[in-house]
Amino acid sequence: NAGVTQTPKFQVLKTGQSMTLQCAQDMNHNSMYWYRQDPGMGLRLIYYSASEGTTDKGEVPNGYNVSRLNKREFSLRLESAAPSQTSVYFCASRRDGGSYGYTFGSGTRLTVV
Amino acid sequence: QKEVEQNSGPLSVPEGAIASLNCTYSDRGSQSFFWYRQYSGKSPELIMFIYSNGDKEDGRFTAQLNKASQYVSLLIRDSQPSDSATYLCAVANAGNNRKLIWGLGTSLAVNP
């Protein structure tokens, strides 16, 4: 019963490097989300996907791209990392319907130096 | 003005007391309300959901919703040190219930 799996758990990048954060869920959820969480800023939505093949921008999409590879997987790519992207990143998924909350992955702690 | 507001705390209560956490929201059309608990260094986990006015109880947790006053609260009875965490309030707006609007969270410390 894995739920939402994120990889990697920790990453250090140099400014300008690129990387992809992976997320997979095994709950057959349609909606998937990428958030970043910074002290004092709370959870901020980067991108979300309401279904396979669709993606939409959230509050803070600049500097990121996403791919909804299939129903299970939703990846987040940083093309040219910047120190401002140092954060904890959470992937989440949600079952359709107003009464369901998100299930979160364990997070990726990213540091850009 | 942020759409979902919570006192940042820290809220400090003695073990065995009732902890009361509050959340106000600005969109009158909001339909669904969630409480998440987040331990330090961990991801948020859903602990309560409510959508009707009144109280909803689950073990030591009670969620209270008052749509007329636009607030939702979480009561934790018989607080334990293991309840020490940040509690996040999240609201689903009527226009798009796929995206939750998050408060910044209230830090709770339960002292033995």
Side-chain angles (χ1 to χ4, degrees), chain A residues 2-7 9-10 21 23 25 27 29-52 54-61 68 74 87-110, chain B residues 1-10 21 23-25 27 29-52 56 58 61 63 65 67 72 74 85-107:
Chain A
V4 179
T5 303
Q6 283 184 244
T7 56
K9 293 191 184 303
F10 301 94
L21 281 63
C23 176
Q25 52 93 8
M27 296 173 285
H29 290 172
N30 281 320
S31 300
M32 297 186 73
Y33 307 81
W34 276 105
Y35 281 91
R36 61 178 289 175
Q37 187 175 40
D38 304 287
M41 302 293 289
L43 285 164
R44 291 185 291 170
L45 182 64
I46 305 171
Y47 272 94
Y48 72 103
S49 170
S51 62
E52 183 179 352
T54 67
T55 60
D56 287 284
K57 295 179 181 179
E59 301 171 67
V60 288
R68 183 74 183 267
F74 188 38
S87 187
V88 179
Y89 291 85
F90 289 108
C91 177
S93 70
R94 180 171 180 263
R95 182 177 169 182
D96 285 350
S99 61
Y100 299 106
Y102 294 176
T103 300
F104 284 87
S106 59
T108 296
R109 188 172 296 274
L110 175 67
Chain B
Q1 179 186 1
K2 192 158 174 61
E3 296 179 57
V4 176
E5 297 205 23
Q6 300 179 253
N7 287 328
S8 61
L21 304 157
C23 171
T24 59
Y25 59 94
D27 184 349
S30 298
Q31 296 181 324
S32 305
F33 307 85
F34 304 84
W35 283 100
Y36 283 77
R37 177 176 63 199
Q38 186 175 25
Y39 292 115
S40 180
K42 301 295 186 181
S43 58
E45 59 176 324
L46 179 66
I47 55 172
M48 288 291 287
F49 156 75
I50 188 168
Y51 64 90
S52 297
K56 179 180 179 181
D58 183 1
F61 297 100
L65 175 61
K67 289 186 176 181
V72 56
L74 179 70
T86 296
Y87 289 79
L88 302 172
C89 173
V91 175
N93 287 343
N96 183 351
N97 66 11
R98 288 197 174 95
K99 289 197 297 181
L100 297 184
I101 311 300
W102 296 85
L104 296 182
T106 298
S107 175

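Just so we're on the same page: letters track the sequence lines, and every chain starts at 1. Computed from a predicted model, the values in this text were never measured in an experiment.
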- Query: Where on B/Ile50 is there a heavy atom nearer than 4.5 Å to chain A: the side chain, the backbone, both, or neither?
  - Reply: neither
- Item | Spatial distance of atom OG1 (B/Thr86) from atom CD (A/Gln37) [nearest 0.5 Å] | 8.5 Å
- Message: Counting neighbours of CG on A/Asn30 that are heavy atoms of other residues, nucleotides or ligands and sit closer than 6.0 Å, is the number greater than 12?
- Response: yes
- What pair of heavy atoms forms the shortest contact from B/Pro44 to A/Leu43, and how long is it? CG-CD1, 4.3 Å
- Message: For B/Gln6, which atoms come within 4.5 Å of any heavy atom of chain A: side chain, backbone, both, or neither?
- Response: neither
- Which portion of B/Phe33 sits near chain A, non-hydrogen atoms under 4.5 angstrom: neither
- Message: Using every non-hydrogen atom in the two residues, find where A/Leu45 and B/Lys99 come nearest and quote the distance to one decimal.
- Response: CD2-CD, 3.5 Å
- Counting heavy-atom pairs under 4.5 Å with chain B, the top scorer among A/Ala50, A/Gly58, A/Gly40, A/Gly107 is A/Ala50
- Neighbour count above 12 (heavy atom, 6.0 Å) for B/Phe61 CZ: yes
- Residue, of B/Lys42, B/Gln38, B/Glu45, that accumulates the most heavy atom pairs under 4.5 Å with chain A: B/Gln38
- Query: Which region of A/Arg44, side chain (C-beta onward) or backbone (N, CA, C, O), has a non-hydrogen atom less than 4.5 Å from a non-hydrogen atom of chain B, or is it both or neither?
  - Reply: neither
- Message: Any heavy-atom pair between the side chains of B/Ser43 and A/Val4 that's under 4.5 Å?
- Response: no
- Query: Which residues satisfy the side-chain hydrogen bond (donor to acceptor under 3.5 Å, both in side chains) test with A/Tyr35, sequence neighbours excluded?
  - Reply: A/Tyr102, B/Trp102
- Task: Tell me, please, which residues at least two apart from B/Tyr39 pass ring pair (Phe, Tyr, Trp, His ring centres under 6.0 Å).
- Result: none
